[in-house]
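Here the structure is a predicted model, which means the values were calculated and not measured. Per chain, numbering begins at 1; letters A, B, ... match sequence-line order.
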There are 2 protein chains.
Amino acid sequence: MGASKSEFFSEQQNELASLFKAISHPARVAIIEYLLKVDSCICGDIVNELPLAQPTVSQHLKELKNVGIIKGNIEGTAICYCLNPETMKKLENYFSGISKELKTKCC
Amino acid sequence: MGASKSEFFSEQQNELASLFKAISHPARVAIIEYLLKVDSCICGDIVNELPLAQPTVSQHLKELKNVGIIKGNIEGTAICYCLNPETMKKLENYFSGISKELKTKCC
DNA sequence: TTTTTATATTGCAATATTACGATAATTCAA
DNA sequence: TTGAATTATCGTAATATTGCAATATAAAAA
């Protein structure tokens with residue numbers, strides 16, 4: 001096999017898994033870090049920041065965009081990328097909710 | 001290829017990616033949800049909660065344990081699993097840090 | 001000791017991901 | 001229109017993940 005049996009899990013569980021899958025690669029963590037480090041949206045130079053070929057970076061950016069972790073605006077020949085604050089907030093809330101519940105429970 | 005070029009990224013980037021990879025599967029998100037729902041550590045019945053065979057669940061639990069997302073204590077024939085609050089806090093802090101920085105920046 | 005119960009490991013088939021060369025598409029400038 | 005610059009897509013090879021049957025391991029009960 002190899003195909004995950006996603007049809008047996010809830011929509012929310014699948015959505016969360018997709019978000020995590022999108023950032024489960026060091027290159028994509030690095031992209032997030034870079035977008036955060038620079039003080040604004042980045043137009044163009046992401047490829048030069050990473051030790052990967054242009055088609056590979058393009059693919060990584062596409063995956064981050066597909067799940068809503070980054071946003072991209074076309075600006076002439078370049079594309080301006082930035083993080084999506086709503087998605088980041090959603091992930092923050094997911095883990096803060098878990099932490100809050102865990103305080104009173106568990107070993 | 002197919003092997004991710006992790007040697008070109010920082011240790012921290014790789015560690016974060018590993019954490020996210022561990023929860024990038026709906027079954028593993030479901031395990032977290034279940035451990036949270038029940039009011040204590042779970043001894044035994046995780047397999048019955050999931051629509052997957054015992055060896056598959058065992059493998060998923062192993063991966064979550066490897067990266068420190070869950071802890072498991074042997075208790076007789078059963079094993080007691082629970083979430084690791086420290087790892088959850090680490091992930092919460094990661095995203096709250098991002099959210100905080102994004103407030104003043106980005107489009 | 002033997003049996004039962006619970007979990008782990010092995011081996012393998014099916015499928016998914018990663019990376020990149022080649023090439024296409026798009027937009028701006030000349 | 002042509003050429004340069006930037007990003008996307010296609011095709012494909014290498015590798016990783018997923019799932020489970022079969023089997024192994026370990027501890028408690030009989």
Side-chain angles (χ1 to χ4, degrees), chain A residues 1-9 13-14 17-31 34-35 41-67 69-82, chain B residues 1-9 13-14 16-31 34-35 38 41-67 69-82:
Chain A
M1 321 237 157
S4 72
K5 305 178 99 180
S6 52
E7 68 273 20
F8 292 127
F9 299 99
Q13 286 165 344
N14 278 297
S18 295
L19 278 174
F20 296 132
K21 178 172 280 176
I23 48 179
S24 73
H25 189 291
R28 300 200 284 265
V29 171
I31 288 172
Y34 182 62
L35 286 176
C41 297
I42 293 308
C43 303
D45 58 351
I46 292 183
V47 170
N48 305 319
E49 276 294 313
L50 296 174
L52 297 169
Q54 180 269 325
T56 309
V57 174
S58 181
Q59 206 173 269
H60 283 313
L61 289 168
K62 188 182 171 186
E63 272 164 77
L64 288 171
K65 210 167 131 189
N66 278 344
V67 298
I69 287 178
I70 64 174
K71 294 191 278 190
N73 296 344
I74 297 169
E75 189 145 315
T77 22
I79 292 190
C80 289
Y81 285 109
C82 63
Chain B
M1 322 236 158
S4 72
K5 306 178 100 178
S6 52
E7 69 273 20
F8 292 128
F9 299 99
Q13 286 165 344
N14 278 296
L16 276 167
S18 294
L19 278 175
F20 295 133
K21 178 173 281 174
I23 46 177
S24 74
H25 189 290
R28 301 199 284 265
V29 171
I31 288 172
Y34 182 62
L35 287 175
V38 188
C41 297
I42 293 309
C43 302
D45 57 352
I46 292 183
V47 171
N48 306 318
E49 276 293 313
L50 297 174
L52 296 168
Q54 180 269 323
T56 308
V57 174
S58 181
Q59 205 173 270
H60 283 313
L61 288 168
K62 188 181 173 186
E63 272 164 78
L64 287 171
K65 208 167 133 190
N66 277 344
V67 299
I69 287 179
I70 64 175
K71 295 191 276 193
N73 296 346
I74 297 168
E75 189 143 317
T77 20
I79 292 189
C80 290
Y81 285 109
C82 64

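- Residues of residues 47-55 of chain B that place a heavy atom closer than 4.0 Å to DNA chain D, in numerical order, are B/Leu52, B/Ala53, B/Pro55.
- Contacts of B/Gln59 classified as side-chain hydrogen bond (donor to acceptor under 3.5 Å, both in side chains), with partners at least two apart in sequence or in another chain: none.
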Would you tabulate the pairs of protein nitrogen or oxygen atoms and nucleotide nitrogen or oxygen atoms of nucleotides 4-6 of chain C closer than 3.5 angstrom?
from: C/dA6; atom 1: O3'; to: B/Thr77; atom 2: O; distance (Å): 3.4

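- Within the model, atoms CD1 of A/Ile31 and CG of A/Leu64 stand 5.5 Å from one another, a figure rounded to the nearest 0.5 Å.
- The nearest whole Å value for the distance from the CG atom in B/Leu64 to the P atom in C/dT7 is 15 Å.
- What separates CG of B/Asn14 from P of C/dT18 is a distance of 13 Å, to the nearest Å.
- Annotation: the span from A/Leu61 atom CG to A/Leu35 atom CG amounts to 8.0 Å, rounded to 0.5 Å.
- With sequence neighbours excluded, the residues satisfying side-chain contact (heavy atoms from CB on, under 4.5 Å) with A/Thr56 are A/Leu52, A/Ala53, A/His60.
- With sequence neighbours excluded, no residue satisfies salt bridge (Lys or Arg N to Asp or Glu O under 4.0 Å) with B/Glu49.
- Separating the CD1 atom of B/Ile70 from the C1' atom of C/dT7 is a distance of 13 Å, rounded to the nearest angstrom.
- Every side-chain contact (heavy atoms from CB on, under 4.5 Å) that A/Val47 has, sequence neighbours left out, goes to A/Gln54, A/Val57.
- Taking 4.0 angstrom as the limit, A/Lys62 places none of its side-chain polar atoms (N or O) nearer than this to OP1 or OP2 of D/dT7.
- Computed from coordinates, the B/Tyr81 OH to C/dA8 P distance equals 4 Å when rounded to whole Å.
- Remark: B/Phe20 pairs with B/Tyr94, B/Phe95 by the ring-ring contact (aromatic ring centres under 6.0 Å, His included) rule, at least two apart or across chains.
- Contact check, A/His60 against C/dT17: no side-chain N or O comes under 4.0 Å of OP1 or OP2.
- Note: CG (B/Asn73) to C1' (D/dA27) measures 16 Å, nearest angstrom.
- With sequence neighbours excluded, the residues that form a side-chain contact (heavy atoms from CB on, under 4.5 Å) with A/Ser6 are A/Ser4, A/Asn14, B/Pro26.
- Checked against side-chain contact (heavy atoms from CB on, under 4.5 Å), A/Lys65 has the following partners two or more places apart in sequence or in another chain: A/Ile70, A/Tyr81.
- B/Lys5 has its NZ atom 14 Å from the C1' atom of D/dA13, to the nearest Å.
- With rounding to whole Å, A/Glu63 atom CD is found 13 Å from D/dA8 atom P.
- B/Leu61 has its CG atom 16 Å from the C1' atom of D/dC20, to the nearest Å.
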| Residue pair B/Leu16, B/Phe9: steps toward the side chain to side chain contact (heavy atoms under 4.5 Å, CB included) verdict | CA-CA 11 Å; B/Leu16 276 167; B/Phe9 299 99; over 6 Å; no
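- Proximity of residues 17-30 of chain A to DNA chain D (heavy atom under 4.0 angstrom from any strand atom) is not detected for any residue.
- The backbone N or O of B/Lys21 sits less than 3.5 Å from a side-chain atom of B/Ser24, completing a donor-acceptor pair.
- For residues 50-63 of chain A, every residue pair satisfying the salt bridge (charged side-chain N to carboxylate O under 4.0 Å, His left out) rule, not counting sequence neighbours, is listed here: A/Arg28-A/Glu63.
- Contact between the side-chain N/O atoms of A/Ser58 and the OP1/OP2 oxygens of D/dA8 is found at a separation under 4.0 Å.
- The side chain of A/Thr56 places no N or O atom within less than 4.0 Å of a non-bridging phosphate oxygen (OP1 or OP2) of C/dT18.
- Nearest-nucleotide mapping onto DNA chain C: of B/Gln59 and B/Ser6, the residue sitting toward the 5' end is B/Gln59.
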